[in-house]
Amino acid sequence: AQSVTQPDIHITVSEGASLELRCNYSYGATPYLFWYVQSPGQGLQLLLKYFSGDTLVQGIKGFEAEFKRSQSSFNLRKPSVHWSDAAEYFCAVGKGSQGNLIFGKGTKLSVKP
Amino acid sequence: GAVVSQHPSRVICKSGTSVKIECRSLDFQATTMFWYRQFPKQSLMLMATSNEGSKATYEQGVEKDKFLINHASLTLSTLTVTSAHPEDSSFYICSARIYGRVRSYNEQFFGPGTRLTVL
């Protein structure tokens, strides 16, 4: 069965430091992979997506993610974190003919001044 | 583009009443919309998949008679929580998939969510 694992429940980084959020997936075919961000009490905003092609994907707000098939990973990175990046981050994999998404449990990012 | 709205953003109701939540795609047509439920500090749990003009497909464990879904047009889906109880209090989020965009087959655009509190 398809699944998504985000090993880190909560990460705290200093403003200006680099960030990497981990995501591992289990999927039998080439996956469609997504990273979403959710601010408190808000819906989800798409940061970036991978369907095929270049394995390094650029997203909004300076985020990027790299698809590594050999490691079944799609880690999210940002070279320099801003205080406004504090939020909950969800990795998701697309499955099925209906286009359902399976979400990881999320990683909460806190940013220290 | 690809904006999804939800109404209301927040609702408080008494136990036993029914509450309707609307999900609209504002600038695109959506043949498929999804309804999620999110408990505090937890991930999104898919409740049902709603296809325009047909019955919704509910995930295992979701009571279809309690959570009524209607997708009457390509831009509107509604979720009605019938005879609501305090345990139905949650954050409900809808999403929509753009009609005809095959390459982005799984991409979903999310609404801002509706906070339901049942007293």
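The figures here come from the full heavy-atom set of this structure, side chains too, leaving out hydrogens, waters and symmetry mates. Just so it is clear: chains get the letters A, B, ... in the order the sequence lines come, proteins before strands, and each one is counted from 1.
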- Item | Option that, when pairs with chain A are counted at under 4.5 Å, heavy atom only, ranks first among B:L44, B:I93, B:V4 | B:L44
- Message: With heavy-atom distances below 4.5 Å as the criterion, would you say the side chains of A:Y36 and B:Q108 are in contact?
- Response: yes
- Query: Any chain of hydrophobic side-chain contacts (each under 4.5 Å) joining B:F110 to B:I21?
  - Reply: no
- Kindly check if the number of other-residue, nucleotide or ligand heavy atoms within 6.0 Å of NZ (B:K55) is above 12? no
- Query: For atom NE2 of A:H82, is the number of surrounding heavy atoms from other residues, nucleotides or ligands below 6.0 Å larger than 12?
  - Reply: yes
- Does any heavy atom of chain B fall under 4.5 Å from the side chain of A:Q38, the backbone, both, or neither of them? side chain
- Query: Is the number of heavy atoms from other residues, nucleotides or ligands within 6.0 Å of CZ (A:R77) greater than 12?
  - Reply: yes
- Item | Linked, directly or transitively: A:F67 and A:L19 (ILVMFWY side chains, under 4.5 Å) | yes
- In one Ile/Leu/Val/Met/Phe/Trp/Tyr side-chain cluster, 4.5 Å: B:F39, B:L119: no
- Residue pair A:L101 / B:Y36, side-chain heavy-atom distance below 4.5 Å: yes
- Message: Counting only non-hydrogen atoms closer than 4.5 Å, does B:Q6 touch chain A with its backbone (N, CA, C, O), its side chain (CB onward), both, or neither?
- Response: neither
- Task: Check for a donor-acceptor pair, side chain of B:S43 on one end and backbone N or O of A:G104 on the other, with a separation under 3.5 Å.
- Result: yes
- Message: Can you tell me which of A:I9, A:I102, A:L44, A:L46 forms the most heavy-atom pairs within a distance under 4.5 Å of chain B?
- Response: A:L44
- How close do B:Q38 and A:F90 get, heavy atom to heavy atom, and via which atoms? NE2-CZ, 3.6 Å
